[in-house]
Amino acid sequence: MTGAERTLLVRNARVVATMDDARREIPGGAILVRGNRIEQIGPTAELPAAADEVIDLAGHVVLPGLVNTHHHMTQSLTRAVPAAQDGELFTWLRALYPIWARMRPEMAHAATLTAMAELMLSGCTTSSDHLYIYPNGCRLDDSIRAAREIGMRFHATRGSMSVGESEGGLPPDSVVERPDAILADTQRLIETFHDAGRYAMLRVGVAPCSPFSVSRDLMRASAELARHYKVGLHTHLAETANDVAYCRERFGMTPAEYAEDLGWVGADVWHAHCVHLDQPGIARFASTGTGVAHCPCSNMRLASGIAPVRAMLDAGVHVGLGVDGSASNDSGHMLGEARQAMLLQRVGFGPAALNARQALEIATRGGAQVLGRDDIGHLAPGMAADFVAFDTETIGFAGAGHDPVAALVFCKPANVSLSVINGRVAARDGRLLGVDLRQLVERHNGFARELLMG
């Protein structure tokens, strides 16, 4: 830390919900940022009154930046596609694979920018992305470029599919890749882009798509590659009943048993969905520190079921929140996802299954833990300066002043008023800085129309 680093002070917040180890909520709170780190946090009267930039947040609730642990950002090009509106996972995928196969690099870049802009406006400051289809010269580099342009903290995972229909997999042969090419490109991406340092803005993970699209050998080799480079491992697991049936029929195991057999458990692993994770699987994930990305809206949209999140949390499983792809959620609103997580657990397991603060904790601390980060997810001195503020003096929060923190989850999902990422103001007065949204959406919609026309 040097004296030349720029300082930012946000003050007079209605409440700062730190999500720190003591879960402090500070009325009239303030945060002093130096460079990209939080230097002080506490009541406004106890912090300095001056900084290079001072922002008054009267009437606002401040949270740690929300952390999205599972997404397919290019799917924002294929929202509400008629042929895929009413199917379960496998039917939905078969309808969309041929459309995704027409994607070009400039489409992937625009779609990722669009998805990130939507996430950032919803309170998200860090997101992972799982890109597993690479047609027509598309590369993960296209997504990484978008993240650098918009300023989002990014965990880019190199997805892959290697088992097509001719070998008993689900995807058409035209969209799968050779295992050697997958591993070589994954190694290139890690060596070129991965930053293991504290406050890293970009990390790379290894992410074979799923048991029904990737060979056993590639799953093992991917784990070996990831552990050689000490990067994270990510895949889909136990998403639907059909997913479980496929594992039992093809491998003679439950999805959790299959994951363990391949070395896909541990604190460096997080699995998306886990809707049908059984009790032995929950226990094994808890004992090994294996993470889960919970995606409630997507699970409802595809009628996949209700993930046993309450049981996972009670067992000690690390659980984060994910919006999943915009073709199986059709939204990318992280605060809205937290609300749905709370409501869906109550539908499945009773009114006390998940409360508002627990939902926010999954979306912040939980996500950071799942992604293997100790520098984001809560607000404290020395943590990355990633935080967001929501204006609670708007119509959507009228009458909810009794508990403004819980109101963020119980009331209509709001967009941010302020977003700070890595110490930089990324959104102010509800508007992203440096992004022409009208132009971006127009370009994105043009690509979406072109993609569906074939």
Side-chain angles (χ1 to χ4, degrees), residues 10 12-19 23-29 55-68 117-125 294-301 306 309-310 319-324 326 329-367 377-379 386-420 427-432:
V10 298
N12 297 323
R14 185 172 190 173
V15 61
V16 176
T18 66
M19 293 291 169
R23 306 304 192 269
R24 288 186 305 156
E25 295 181 4
I26 307 170
I55 300 174
D56 189 273
L57 290 178
H60 290 69
V61 173
V62 177
L63 294 176
L66 308 184
V67 180
N68 179 34
E118 182 179 19
L119 283 169
M120 289 166 66
L121 287 170
S122 77
C124 184
T125 57
H294 175 46
C295 307
C297 285
S298 176
N299 296 342
M300 288 187 281
R301 160 59 149 99
I306 303 173
V309 170
R310 181 70 266 162
V319 180
L321 199 62
V323 301
D324 202 8
S326 290
N329 179 334
D330 306 278
S331 173
H333 200 294
M334 271 293 288
L335 194 59
E337 203 75 30
R339 182 174 192 266
Q340 293 288 24
M342 179 186 75
L343 297 178
L344 186 58
Q345 285 304 292
R346 293 178 177 207
V347 168
F349 308 109
L354 201 69
N355 66 39
R357 283 170 173 80
Q358 289 167 338
L360 289 174
E361 185 169 327
I362 290 171
T364 54
R365 287 183 69 103
H378 69 273
L379 304 178
D386 288 13
F387 54 88
V388 292
F390 295 90
D391 185 355
T392 57
E393 295 185 347
T394 59
I395 189 69
F397 295 105
H402 323 288
D403 187 346
V405 174
L408 293 178
V409 181
F410 276 104
C411 297
K412 175 186 175 182
N415 277 0
V416 293
S417 176
L418 175 77
S419 174
V420 175
R428 189 192 303 271
D429 299 325
R431 298 175 63 87
L432 288 178

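Note that this is a predicted model, so its numbers are computed, not measured.
- Here Ala407 pairs with Phe397, Ala400, Cys411 under the side-chain contact (heavy atoms from CB on, under 4.5 Å) rule; sequence neighbours left out.
- With sequence neighbours left out, His60 forms a side-chain hydrogen bond (donor to acceptor under 3.5 Å, both in side chains) with Ser417.
- For Arg24, the side-chain hydrogen bond (donor to acceptor under 3.5 Å, both in side chains) test picks out Asp20, with sequence neighbours left out.
- Looking at Phe349 and Ile306, their side chains come closer than 4.5 Å, going by heavy atoms from C-beta outward.
- Not counting sequence neighbours, the partners of Arg428 by the salt bridge (Lys or Arg N to Asp or Glu O under 4.0 Å) test are Glu53.
- Applying the side-chain hydrogen bond (donor to acceptor under 3.5 Å, both in side chains) rule to Asp324 yields the partners His70, His72, His273, Ser298, Ser328; only residues at least two apart in sequence or on another chain are considered.
- What you find for Ala363 and Leu321 is that their closest heavy atoms are CB-CD2, 3.9 Å.
- Among all heavy-atom pairs drawn from Ala359 and Ala338, the shortest one is CB-O, 3.5 Å.
- Residues forming a side-chain contact (heavy atoms from CB on, under 4.5 Å) with Leu335 (at least two apart in sequence, or on another chain): Leu66, His333, Leu360, Phe390, Leu408.
- Within the structure, salt bridge (Lys or Arg N to Asp or Glu O under 4.0 Å) contacts touching residues 333-362 (residues at least two apart or in different chains) are Arg23-Glu361, Glu25-Arg357, Arg357-Asp403.
- Contact record, Val405 with Ala17: CG2-CB, 4.2 Å, taken as the closest heavy-atom pair.
- In plain terms, the two heavy atoms of Val62 and Ala389 that are nearest each other are CG2-CB, 4.1 Å.
- For Val416 against Ser122, the heavy-atom pair with the smallest separation is CG1-C, 4.1 Å.
- Between the side chain of Arg365 and the backbone N or O of Met19, at least one donor-acceptor pair lies under 3.5 Å.
- By the 4.5 Å heavy-atom criterion applied to side chains, His378 and Thr364 are not counted as neighbours.
- A donor-acceptor distance shorter than 3.5 angstrom exists from the side chain of Glu118 to the backbone of Gly332, with no hydrogens or angles considered.
- Contact check for Ile362 versus Leu354: side-chain heavy atoms found under the 4.5 Å cut-off.
- Pairing each heavy atom of Val388 with each of Ser419, the nearest pair is CG1-OG, 3.9 Å.
- Note on residues 386-401: pairs passing side chain to side chain donor-acceptor pair (under 3.5 Å), not counting sequence neighbours, are Arg14-Thr392, Arg153-Asp386.
- Residues passing the side-chain contact (heavy atoms from CB on, under 4.5 Å) test with Gln340, sequence neighbours excluded: Pro296, Cys297, Met300, Leu343.
- Contact of the Met342 side chain with the Asn355 side chain is not registered, since no non-hydrogen atoms from C-beta on lie closer than 4.5 Å.
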